[in-house]
Amino acid sequence: VSEMLEQYQDIMTIFDVAEALCIGKNRVYELLGRNELKGFRIGRIWKIPKEALKEYILSQSNLS
């Protein structure tokens, strides 16, 4: 998982996550809204720690 995310910063945007997972940005917002993916907001802008995305990917797969 680390290798597939190494091109991204430690704090990712909605667009970074959507690109990394090959999903739409609305789906990323859904994951955040249901607390399936951990993130935080600065004003109206969501930020997602890369570690939170790694945890999500591992929780949804058999890669662990």
Interatomic distance, CZ@R27 vs CG@L37, rounded to 0.5 Å, equals 10.0 Å

Interatomic spacing from NZ in K54 to CE in M4 - rounded to 0.5 Å: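 So the NZ of K54 and the CE of M4 are separated by 10.5 Å.
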
Notebook entry, point to check: By salt bridge (charged side-chain N to carboxylate O under 4.0 Å, His left out), which residues pair with E55, not counting sequence neighbours?
Noted result: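 So E55 forms no salt bridge (charged side-chain N to carboxylate O under 4.0 Å, His left out) with any residue.
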
Across all chains, not counting sequence neighbours, the side chain to side chain donor-acceptor pair (under 3.5 Å) partners of K38 are none

Testing the basics here: between E6 and E3, what is the closest heavy-atom pair and its distance to 0.1 Å?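 Closest pair (atom of E6, atom of E3, distance): CG-O, 3.3 Å.
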
Search all heavy atoms of P49 against all heavy atoms of G39 and return the closest pair with its distance.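 Looking at all heavy atoms of both residues, the closest pair is CD-CA, 4.2 Å.
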
Besides I42, the hydrophobic cluster formed by Ile, Leu, Val, Met, Phe, Trp and Tyr side chains linked at under 4.5 Å, directly or via other members, contains I11, F40

Run the side-chain contact (heavy atoms from CB on, under 4.5 Å) test against R44 and tell me which residues pass, sequence neighbours left out.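 Listed in chain order: R41.
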
| said: If the condition is side-chain contact (heavy atoms from CB on, under 4.5 Å), which residues does E36 pass it with, not counting sequence neighbours? | reply: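 Counting only residues at least two positions away or on another chain, E36 forms a side-chain contact (heavy atoms from CB on, under 4.5 Å) with L31, R34, Y56.
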
Do I14 and I48 come close enough that some side-chain heavy atom pair is under 4.5 Å? yes

Would V28 and L21 count as a side-chain contact (heavy atoms from CB on, under 4.5 Å) here? Give the steps.
CA-CA 9 Å; V28 179; L21 295 178; 5.6 Å; no

- Item | Pairs satisfying side chain to side chain donor-acceptor pair (under 3.5 Å), at least one member in residues 9-24, at least two apart |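 Those involving residues 9-24 are Y8-E19, T13-D16.
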
